[in-house]
Structure formats: structure tokens, C-alpha cells
Engineer: 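Dropping a structure here in C-alpha cells format, bear with me for questions.
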Amino acid sequence: MVRGKTFDELNRQLGMNGPDLGRGARHAGSTEVSFKSNVSYKNQPGGCGIRHAQVTLDLHTTLPRWASPANSSPDTRTLWKTLREDIATHEAEHSHIAKLWLKRIEAKLRTLPPERTCSAMEARVNESVRTLLKQHESEQIAFDAAESKRIDARLKRKLQENQSRVAKR
């Protein structure tokens with residue numbers, strides 16, 4: 001739960017009370033991504049291939065909640081709305097990236113050529129999945145790095161838009 005009446009207070013609270021990302025790091029929001037694969041094999045002429053390959057994706061997004069003080073100003077409420085919407089958009093992009101990689105992983109598994117034995121095929125599947133998961137993680141990290149460079153300008157623009165809407169009411 002985030003408490004505060006000013007941007008600095010809200011920002012500090014997000015850093016102190018946001019989701020724990022491990023190793024003591026906290027963030028305003030988080031999206032936990034978990035892939036699970038279920039692969040069965042079949043003997044066929046020339047060796048062993050994949051009978052069935054299914055990959056599932058479990059996503060768990062955590063967004064901040066604000067305990068709005070009764071005397072919070074309209075500017076602070078607008079600021080919180082802007083921050084929360086931006087955090088939600090950011091986390092939705094993490095989910096989108098994971099969904100794209102789900103499709104890539106399944107497609108890769110379905111196109112793997114047969115191996116001489118089913119144990120060799122299983123080893124090929126496991127190595128392919130490990131490689132793709134590392135690439136997925138790299139894309140998520142690259143997204144966060146790019147976002148950190150864009151966030152200030154984007155938040156400023158969104159805040160101005162939201163303040164204009166409030167002023168027109």
C-alpha cells in the first residue's frame with residue numbers, strides 16, 4: 001500500500017513498498033512470468049521426434065494501490081492516476097513480450113528435426129527451451145532499459161494531458 005500526498009512521497013513509497021523483485025530490489029509494479037512445457041516423444045523412422053508440444057504461460061501482475069488521504073489535492077489524485085496508468089501500461093508490455101515468446105517457443109519445438117534417440121530429442125528440446133528463455137529474459141531486460149530512458153518525458157506528457165482534462169471539468 002502506497003501512502004503520500006506529494007510526488008516525492010508517492011515515489012519514495014513506491015520504492016519502499018512496491019513488489020519485491022528479489023535481491024532487495026523493489027519497483028512500482030511487477031509482472032511475474034513463468035513458462036512450463038509439456039512435450040511427448042514418438043519413435044519414428046529415422047529416430048525420435050516430437051509427438052506433442054505445448055507450452056503454457058502463467059502471468060501474475062502486481063500493481064500498486066494508494067491509500068489516498070482524505071485531504072489529498074486534485075493535483076495529487078491526478079498525479080496518482082497518471083503514475084498508476086503508466087505502471088499498468090508498462091507491466092502490460094511485459095505480458096505482451098512473454099506472450100510473443102510463448103508462440104516462438106511452441107513454434108520452435110514443433111519444427112525441431114528428429115534425433116536418433118528419444119533421450120537425444122529430449123536433450124535437444126531442453127537446450128532449445130533454455131536458449132529461448134534466455135532470449136526472452138534478454139528482451140524483457142532490454143525493454144526495461146529502454147523504458148528507463150523514456151519514462152520521465154512520457155510521464156510529464158501524460159501528467160500534462162491528465163491535468164488538462166481535470167482543468168476542463
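All residue numbers in this chain count up from 1 along the given sequence. Just so we're clear, the structure is a prediction, and the values are computed from it rather than from any experiment.
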Engineer: Do any N or O atoms from the side chain of Glu115 and from the backbone of Ala120 form a donor-acceptor pair under 3.5 angstrom?
Structural biologist: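 No, the answer is negative, given that no donor and acceptor are paired below the 3.5 Å cut-off.
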Engineer: Looking at Glu91 and Thr31, would you say the former's side chain and the latter's main chain have a donor-acceptor pair under 3.5 Å?
Structural biologist: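 Yes; at least one donor-acceptor contact below 3.5 Å.
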Engineer: Identify whether NZ of Lys or CZ of Arg in Arg104 sits under 6.0 Å from the centre of the six-membered ring of Trp101 and within 45° of that ring's axis.
Structural biologist: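 So Arg104 does make the cation-pi contact.
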Engineer: Honestly curious: do Met121 and Ile105 fall in one hydrophobic cluster under the side-chain, below-4.5 Å linking rule?
Structural biologist: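 Yes: a chain of side-chain contacts under 4.5 Å links Met121 to Ile105.
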Engineer: Please check if any side-chain donor atom of Ser72 sits under 3.5 Å from a side-chain acceptor atom of Ser68, or the reverse.
Structural biologist: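 Present: a donor and an acceptor within the cut-off.
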Engineer: Donor-acceptor check, side chain of Trp80 to backbone of Leu10, threshold 3.5 angstrom: yes or no?
Structural biologist: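 No, the answer is negative, given that no donor and acceptor are paired below the 3.5 Å cut-off.
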Engineer: Indicate yes or no: at least one non-hydrogen side-chain atom of Asp144 is less than 4.5 angstrom from one of Gln140.
Structural biologist: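 No, every pair of side-chain atoms sits at 4.5 Å or beyond.
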Engineer: Are Leu63 and Phe143 linked, directly or through intermediate hydrophobic residues, by side-chain heavy-atom contacts shorter than 4.5 Å (ILVMFWY only)?
Structural biologist: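 As far as the 4.5 Å side-chain criterion goes, Leu63 and Phe143 are not connected within one cluster.
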Engineer: Could you check whether any side-chain heavy atom of Val2 comes within less than 4.5 Å of a side-chain heavy atom of Pro64, counting everything from C-beta outward?
Structural biologist: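 Touching, per the 4.5 Å side-chain cut-off.
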Engineer: Can you tell me how far apart OG (Ser95) and NE2 (His60) are? Round to the nearest 0.5 Å.
Structural biologist: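 Nearest 0.5 Å value for the OG-NE2 distance: 11.0 Å.
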Engineer: Answer whether the closest heavy-atom distance between the side chains of Pro114 and Gln44 falls below 4.5 Å.
Structural biologist: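 Sidechains of Gln44 and Pro114: in contact.
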Engineer: Could you measure the distance from the CG atom of Asn43 to the CZ atom of Arg51? Nearest 0.5 Å is fine.
Structural biologist: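 Result: 8.5 Å between the selected atoms.
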Engineer: Output, in order, the C-alpha distance, side-chain angles, deciding distance and verdict of side chain to side chain contact (heavy atoms under 4.5 Å, CB included) for His136 and Ile97.
Structural biologist: CA-CA 8 Å; His136 162 259; Ile97 291 168; 4.2 Å; yes
Engineer: Indicate whether any N or O donor in one side chain lies under 3.5 Å from an N or O acceptor in the other, for Ser128 and Thr131.
Structural biologist: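 There is no such pair between these side chains.
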Engineer: When you compare the side chain of Leu83 with that of Leu79, does any pair of heavy atoms fall below 4.5 Å?
Structural biologist: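 Yes - at least one pair of side-chain heavy atoms lies under 4.5 Å apart.
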Engineer: Taking Lys5's backbone N and O only, do any of them form a donor-acceptor pair with Glu9's side chain (distance below 3.5 Å, no angle check)?
Structural biologist: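 Side chain of Glu9 to backbone of Lys5, a donor-acceptor pair under 3.5 Å: yes, one is there.
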Engineer: Working to the nearest 0.5 angstrom, can you tell me the gap between Gln54 CD and Ser40 OG?
Structural biologist: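 Atom-to-atom, Gln54:CD and Ser40:OG are 10.0 Å apart.
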Engineer: Counting only heavy atoms not in Arg110, do more than 12 sit closer than 6.0 Å to its CZ atom?
Structural biologist: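 Yes, because the 6.0 Å sphere around CZ of Arg110 holds more than 12 heavy atoms from other groups.
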Engineer: Would a 4.5 Å heavy-atom cut-off, applied to side chains only, mark Ile141 and Glu137 as touching?
Structural biologist: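 In short, these two side chains touch, coming nearer than 4.5 Å.
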Engineer: Between Val39 and His52, is any pair of side-chain heavy atoms under 4.5 Å apart?
Structural biologist: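 Contact flag for Val39/His52 side chains = no.
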Engineer: Quick test of your reading of the model: are Arg130 and Glu127 salt-bridged, counting only N-O distances below 4.0 Å?
Structural biologist: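 Here Arg130 pairs with Glu127 in a salt bridge, since their nearest N and O are under 4.0 Å apart.
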